[in-house]
Amino acid sequence: MTARDRLIVGLDIPTIGEAEAIVKTLGDDVLFYKIGYQLAFAGGLEFARELARDGKKVFLDMKLLDIDNTVAKGVENIVKMGMSMLTLHAYPKAMKAAVEAARGSDLCLLGVTVLTSMDEQDVIDAGYEYDPHTLVLRRAEQARAAGMGGIVCSAEESAAVRKIVGPDMAIVTPGIRPAGSDRGDQKRVMTPADALAAGSSHLVVARPIVKAADPRAAALAILDEMNGAL
């Protein structure tokens, strides 16, 4: 895969109009987009379908978690939308239901391990007995056992996760920040080059691109850094 295949631009913006403007600005330089809650609840699901029809890849970041039947039925409809990636929380029963529902399709199911906005105290406050690193590795093992297509984790855990999941599963890492950029609410971050070197297969970059004064220049700079690391 080239850097263009690996860079996922997060459309973490409030309106479809703004999303359309970003996609138009980035043009053919960017192939892959992430749509999460913010845009999904502003018409983003139909926009996701339009992007897929236009030949773009779409990572639908829904972080599904529910009873098995509900997860399965949701995944079945997402397959019909033509999405490339879908997230769900890495709970074994939910992952197994999703894998069965997506069987035979090209949808890559990603297990969300521990959010990059969470540190050890946050994990403790959520009631887990593990520190973030240990919890990530535990969930990576469970995702591999369930037959998932990949994992979402911090780039700080990518090297350890790669040893668990092997060479074929995707490791998608948010919390990517070019050197010198603002961390925002992210607590476990890494530069694009370092993340690839650590074992990440795909990098999700939102604010450093979509909030930049020149989004295309920001994207091209990140792609250049990624190409240099490949």
Whether Ser105 side chain and Val79 backbone form a donor-acceptor pair below 3.5 Å: no
Are any non-hydrogen side-chain atoms of Val23 and Tyr33 less than 4.5 angstrom apart? yes
Sole residue of Arg207, Gln38, Lys34 in side-chain hydrogen bond (donor to acceptor under 3.5 Å, both in side chains) with Asp12: Lys34
How long is the gap from CD on Gln142 to CD1 on Ile151, to the nearest 0.5 Å? 9.5 Å
Ignoring hydrogens and angles, tell me if any N or O in the side chain of Asp194 forms a donor-acceptor pair with the backbone of Thr191 under 3.5 Å. no
How about CG on Asp106, more than 12 heavy atoms from neighbouring residues, nucleotides or ligands closer than 6.0 Å, or not? no
Measure the CD-CG distance between Glu50 and Leu45 for me, rounded to the nearest 0.5 Å. 11.5 Å
Within 6.0 Å of CZ in Arg162, more than 12 heavy atoms from elsewhere: yes
Taking Leu60 as the starting point, is it possible to reach Leu31 by hopping between hydrophobic residues whose side chains are less than 4.5 Å apart? no
Show the nearest heavy-atom pair for residues Leu230 and Met1, with the distance to one decimal. CD1-O, 4.2 Å
Ala212 versus Ala218, closest heavy-atom pair with distance: CB-CB, 3.8 Å
Mark yes when over 12 heavy atoms from residues, nucleotides or ligands other than Asp28 sit less than 6.0 Å from its CG; otherwise mark no. no
Quick one: CD on Glu141 to CD1 on Ile164, what's the gap to the nearest 0.5 Å? 4.5 Å
Got more than 12 heavy atoms from elsewhere within 6.0 Å of NZ, Lys96? no
So, the side chain of Ser200 versus the backbone of Leu196: is there a donor-acceptor pair under 3.5 Å, distance only? no
Donor-acceptor contact below 3.5 Å, side chain Thr87 vs main chain Lys63: yes
Derivation and outcome, side chain to side chain contact (heavy atoms under 4.5 Å, CB included), residues Val152 and Thr113: CA-CA 6 Å; Val152 178; Thr113 55; 5.6 Å; no
Quick check for you: to the nearest 0.5 Å, what is the distance between Asp168 atom CG and Arg144 atom CZ? 12.5 Å
Would you check if the side chain of Glu225 reaches a backbone N or O of Ala193 as a donor-acceptor pair within less than 3.5 Å? yes
Is the closest side-chain heavy-atom distance between Leu135 and Val123 below 4.5 Å? yes
Are side-chain heavy atoms of Phe59 and Val172 found at a separation under 4.5 Å? yes
Within the structure provided, determine whether Arg6 and Phe32 are in side-chain contact (heavy-atom separation under 4.5 Å). no
Take Arg177 and Met190 through the test side chain to side chain contact (heavy atoms under 4.5 Å, CB included) and record every step on the way to the result. CA-CA 6 Å; Arg177 292 291 184 269; Met190 194 172 285; over 6 Å; no
Testing Cys153, Ser158, Ser154 for side chain to side chain contact (heavy atoms under 4.5 Å, CB included) with Val136, which one passes? Cys153
Verdict with reasoning, Asp214 to Arg216, per salt bridge (charged side-chain N to carboxylate O under 4.0 Å, His left out): CA-CA 6 Å; Asp214 187 339; Arg216 182 170 180 267; over 6 Å; no
Got Pro192 and Leu203 here, is their nearest side-chain heavy-atom distance under 4.5 Å? yes
Does any non-hydrogen side-chain atom of Glu46 lie less than 4.5 Å from one of Arg49? yes
4.5 Å side-chain heavy-atom contact, Met85 and Leu107: no
Please assess Leu86 against Met83 for the test side chain to side chain contact (heavy atoms under 4.5 Å, CB included), listing each intermediate value before the final yes or no. CA-CA 7 Å; Leu86 169 69; Met83 302 294 95; 5.9 Å; no
Look at the aromatic rings of Tyr91 and His89 and report parallel, tilted or perpendicular, splitting at 30° and 60°. perpendicular
So if you build clusters from Ile, Leu, Val, Met, Phe, Trp, Tyr with side-chain heavy-atom gaps below 4.5 Å, do Ile124 and Val114 land together? no
Quick check: closest heavy atoms across Gly150 and Cys108, and the distance to 0.1 Å? N-SG, 4.3 Å
Search all heavy atoms of Gly10 against all heavy atoms of Val210 and return the closest pair with its distance. O-CG1, 3.5 Å
Heavy-atom pair with the smallest gap, counting every atom of Ala219 and Leu26: CB-CD2, 3.9 Å
One should read off an interatomic distance between Leu7 CG and Ile222 CD1, to the nearest 0.5 angstrom, of 6.5 Å
Does the pair Leu88 and Met148 meet the rule for a side chain to side chain contact (heavy atoms under 4.5 Å, CB included), with working shown? CA-CA 10 Å; Leu88 56 150; Met148 295 283 283; 3.7 Å; yes
Determine yes or no for a side-chain-to-main-chain donor-acceptor pair under 3.5 angstrom, with Asp54 supplying the side chain and Lys56 the backbone. no
Shortest non-hydrogen separation from Pro14 to Leu39 and the atoms involved: C-CD1, 4.4 Å
Could you tell me the separation between the CG atom of Asp66 and the NZ atom of Lys73, rounded to the nearest 0.5 Å? 14.0 Å
Applying the 4.5 Å side-chain criterion to the ILVMFWY set and letting contacts propagate, would Met95 and Ile67 be lumped into a single cluster? no
Any heavy-atom pair between the side chains of Ile35 and Asp61 that's under 4.5 Å? no
